[in-house]
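What follows is a short report on a single structure.
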Amino acid sequence: MLVLITYDVNTEDAAGRRRLRQIAKQCVNYGQRVQNSVFECVLDPAQYKILQAKLCKLMDPQRDSLRFYRLGKETRDKIEHFGVKAGYDPTGTLIL
């Protein structure tokens, strides 16, 4: 399933900046950054729960927020992109 993950981390202090880097690093391990604090991840249910637990453990629930949008399997018609940085097919082949 395609999952859209967004986060807002309070970076007023060094601990917040560290949390921001750690959350971004975990998201990079599972998906593609599409905007500064937005990732598209193609995950199975087990991966989804593991990533969700990791991110919730890293965040400070009193200062930060995470949002998970489960978009399902049929995503091609649900994503529209306008502007710079052309979109990509999250279910297609990714060459690194």
Side-chain angles (χ1 to χ4, degrees):
M1 83 179 119
L2 179 67
V3 178
L4 187 70
I5 300 172
T6 66
Y7 53 88
D8 187 17
V9 177
N10 184 312
T11 58
E12 292 176 353
D13 58 14
R17 291 186 291 276
R18 185 175 61 249
R19 287 192 313 274
L20 177 67
R21 286 190 305 273
Q22 291 173 334
I23 288 172
K25 186 176 180 180
Q26 285 300 317
C27 289
V28 165
N29 290 337
Y30 286 86
Q32 176 72 36
R33 184 188 299 263
V34 292
Q35 290 186 355
N36 287 339
S37 296
V38 181
F39 283 81
E40 290 177 355
C41 304
V42 178
L43 306 169
D44 63 38
Q47 290 173 318
Y48 173 72
K49 287 297 183 185
I50 289 168
L51 179 57
Q52 190 177 55
K54 285 180 181 180
L55 297 181
C56 287
K57 190 174 185 178
L58 290 171
M59 72 176 285
D60 178 347
Q62 302 300 315
R63 304 181 74 192
D64 309 330
S65 68
L66 284 168
R67 295 179 69 94
F68 297 84
Y69 299 88
R70 293 175 299 209
L71 301 178
K73 292 180 183 178
E74 300 299 322
T75 59
R76 207 173 278 250
D77 296 330
K78 295 180 183 178
I79 300 171
E80 293 181 295
H81 175 84
F82 304 94
V84 296
K85 295 186 180 179
Y88 75 104
D89 179 3
T91 59
T93 303
L94 182 62
I95 299 172
L96 301 174

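Since this is a predicted model, take the numbers as computed values, not measurements. In this chain, residues are counted from 1 in sequence order.
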Going from [atom1] on [X] to [atom2] on [Y], what distance comes out if it is rounded to the nearest 0.5 angstrom?
X: N10; Y: R19; atom1: CG; atom2: CZ; answer: 6.5 Å
X: I5; Y: F68; atom1: CD1; atom2: CZ; answer: 5.0 Å
X: C27; Y: K54; atom1: SG; atom2: NZ; answer: 11.0 Å
X: L4; Y: Q35; atom1: CG; atom2: CD; answer: 9.0 Å
X: L66; Y: L51; atom1: CG; atom2: CG; answer: 9.0 Å

Lys/Arg-Asp/Glu bridge criterion (N-O < 4.0 Å) met for D13, R63: yes

Heavy-atom closest pair, residues [X] and [Y]:
X: G16; Y: V9; result: O-CG1, 3.4 Å
X: M59; Y: P61; result: O-CD, 3.5 Å
X: Y30; Y: C41; result: O-CB, 3.7 Å
X: Y7; Y: A24; result: OH-CB, 3.4 Å

T6 vs Y69, side-chain contact (heavy atoms from CB on, under 4.5 Å): CA-CA, chis, key distance, verdict: CA-CA 8 Å; T6 66; Y69 299 88; 4.0 Å; yes

Just one of V42, V3, L2 clears the side-chain contact (heavy atoms from CB on, under 4.5 Å) bar with L71, so which one? L2

Which residue is it: L58, D64, T11? I am looking for the one with a side-chain contact (heavy atoms from CB on, under 4.5 Å) to L20. T11

Sub-4.5 Å side-chain heavy-atom contact between D8 and S65: yes

Under 3.5 Å: donor-acceptor pair, side chain of R33, backbone of N36: yes

Does any N or O in the side chain of Q26 come within less than 3.5 Å of the main-chain N or O of I23, such that one atom is a donor and the other an acceptor? no

Count the heavy atoms belonging to other residues, nucleotides or ligands that lie under 6.0 Å from CZ of R17, then report whether that count exceeds 12. yes

Using distance alone, with no hydrogens and no angle criterion, decide if Y48 and Q52 have a side-chain donor and acceptor under 3.5 Å apart. yes

